[in-house]
There are 2 protein chains.
Amino acid sequence: MINVVLVDDHKVFLQGVESLLSSDPELNVLKKFTDGTDFFRYMKEGEHPDVLLLDIEMKGISGVEVAENVIQLYPEVHVIMLSTYFSEEFVDKLVNTGISGYLLKSTDFEDLIKAIKNVANGKFSCSPEIMDILVKGYKSAGSADKGDSEEDDGPLTERELEMLQLIADEYTTKEIAEKIYISEHTVKTHRKNLMQKLDVKNTAGLVKKGYILGLIE
Amino acid sequence: MINVVLVDDHKVFLQGVESLLSSDPELNVLKKFTDGTDFFRYMKEGEHPDVLLLDIEMKGISGVEVAENVIQLYPEVHVIMLSTYFSEEFVDKLVNTGISGYLLKSTDFEDLIKAIKNVANGKFSCSPEIMDILVKGYKSAGSADKGDSEEDDGPLTERELEMLQLIADEYTTKEIAEKIYISEHTVKTHRKNLMQKLDVKNTAGLVKKGYILGLIE
DNA sequence: TTGCCACTACCACTTTTGTGGTATATTGTA
DNA sequence: TACAATATACCACAAAAGTGGTAGTGGCAA
């Protein structure tokens, strides 16, 4: 049984895909979300899907951002991006990010199901149109430029999550150290690692991203 | 025409009250929310109601917290608290907060509508049972103790909102100053005022509360 | 049993925040 | 016009956060 979660800001699409996928006994739609932040909150507490179907064009947090963070925080989840159009820019950006598939919404239903089963088994899968772009890109750019810095420091540890919550709760480094009986130095180290992992510059960024990614309450 | 917004985590209740209120031509239900944070996001952008019907017992942010912050940030909104039980503790706490009414959910429908119309006209309105508690409290406690510090520094100004957003976006004081062409001193002053108004101790608190209250994106 | 990883801890130094004042323009509006 | 609210600016000192390192320990898994 392959568990799937859908994220797309068009409710109609969500319902359509769900009823479609439910026709296949191997597939099970765990949850649907119209908003990246809601999805991240679910990911902190709820059951993780095997495959995430993710719309690229979304209001609020973009699909690209969602993808990048999901892959970092929950690497066991296979992400398939869905898009109405195909943009070389995104394809480039996303493939290096570690997504498992990239389909056009115009893809027919059997191919979608096939793709889901493929990526659940660790393969990569995408629409033929996109495959074209990939092959073309591969030829021309050779081994490609890495563009902007691709940092992925893996998911947060238990301790780091705890820190993040305490920081958001207005505890200072010293107070955290006293509260959980560790040295101030250690807390500062955790703070540093958090900032690096979440790719932010200061406490404000830590709390903001913590919220967006549903890591704090 | 009196515009009303409903916040209660029980959807059934929301629908019930809405259909009830719609029977009165003077009343108009603008919006319903099951969650305080969603409500606050709406308040930042959407139309402000004349009257807010607010459940006290809610998961997540409690009704009390919602009430306190609404009254501070949007003082033109008249808040009526709804509760299943009646607790002296809450009554005390809330009346000093500046709410306009306090009804039991067992209140019958005509009284609810009457109460809404009353508070929309600046009066205070509550269930007889609660009135009893109030009178009793007034007798015994005399002019009452103020309990914990009741600070209300009014709503945030445009400039302060702008600051809050920039802080959440990881700009430092110096960067903000440069960006919007004012002195660092000024930015620090705004920061101070923000912390006082939102009743938080540091940048983390600022960003967290900014999120909860829907003041930043 | 070896190697990775999370967690811990330390240091020195810089930058940014936070505290607790005061004070003057500017602006909208009663 | 005069008042209130807002936005601006300044100061000095204290506290906390951020930078850029290094490094030991314990546990779990290949």
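Convention: sequence-line order gives letters A, B, ...; per-chain numbering from 1. Every heavy atom of this structure was used, including side-chain atoms; hydrogens, water molecules and symmetry mates were not. The model shown is predicted, which means the values in this text are computed figures rather than measured ones.
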Using a cutoff of under 3.5 Å, can you pull out all pairs of nitrogen or oxygen atoms linking the protein to nucleotides 19-24 of chain D, with atom names and distances?
unit_1: D/dG20; atom_1: N7; unit_2: A/Lys192; atom_2: NZ; d: 3.3
unit_1: D/dG20; atom_1: O6; unit_2: A/Lys192; atom_2: NZ; d: 3.1
unit_1: D/dG21; atom_1: O6; unit_2: A/Lys192; atom_2: NZ; d: 3.0

How close or far is atom [atom2] of [N] from atom [atom1] of [X], stated in whole angstroms?
X: A/Ile182; N: C/dA6; atom1: CD1; atom2: P; value: 16 Å
X: A/Glu158; N: C/dC5; atom1: CD; atom2: P; value: 18 Å
X: B/Glu184; N: D/dC10; atom1: CD; atom2: P; value: 10 Å
X: B/Leu194; N: D/dA7; atom1: CG; atom2: P; value: 10 Å
X: B/Asn193; N: D/dA9; atom1: CG; atom2: C1'; value: 13 Å
X: B/Arg191; N: D/dA16; atom1: CZ; atom2: P; value: 16 Å
X: B/Ile180; N: D/dA9; atom1: CD1; atom2: C1'; value: 13 Å

For [N], take OP1 and OP2 only and decide whether either is under 4.0 Å from a side-chain N or O of [X].
X: A/Thr203; N: D/dA16; answer: no
X: B/Thr157; N: D/dA5; answer: no
X: B/His190; N: D/dA7; answer: no
X: B/His185; N: D/dT8; answer: no

ask   = Which ones in residues 159-176 of chain B lie close to DNA chain D, meaning a heavy atom under 4.0 Å from one of its atoms?
value = B/Arg159
query = How far apart are the closest heavy atoms of B/Ile71 and B/Thr97, and which atoms are they?
reply = CG2-O, 3.6 Å
Nearest atoms (heavy-atom pairs only) where B/Val119 meets B/Ser125 = CG1-CB, 4.0 Å
salt_bridge([X], [Y]) N-O dist < 4.0 Å:
X: A/Asp24; Y: A/Lys117; answer: yes
X: B/Asp35; Y: B/Lys59; answer: no
X: B/Lys32; Y: B/Asp38; answer: no
X: B/Lys208; Y: A/Asp169; answer: yes

inquiry  = Taking any heavy-atom pair under 4.0 Å as a contact, classify B/Thr186: base, sugar-phosphate, or nothing.
reply    =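 Base contact.
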task = List for me each residue that meets salt bridge (charged side-chain N to carboxylate O under 4.0 Å, His left out) alongside B/Glu162, sequence neighbours excluded, and say none if there are none.
result = B/Arg159
ask   = Does atom NZ of B/Lys44 have more than 12 heavy-atom neighbours from other groups under 6.0 Å away?
value =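 Yes, enclosed.
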ask   = About how many Å separate CE of B/Met195 and NE2 of B/His190, when rounded to the nearest 0.5 Å?
value =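 Between B/His190 NE2 and B/Met195 CE, I get 13.0 Å after rounding to 0.5 Å.
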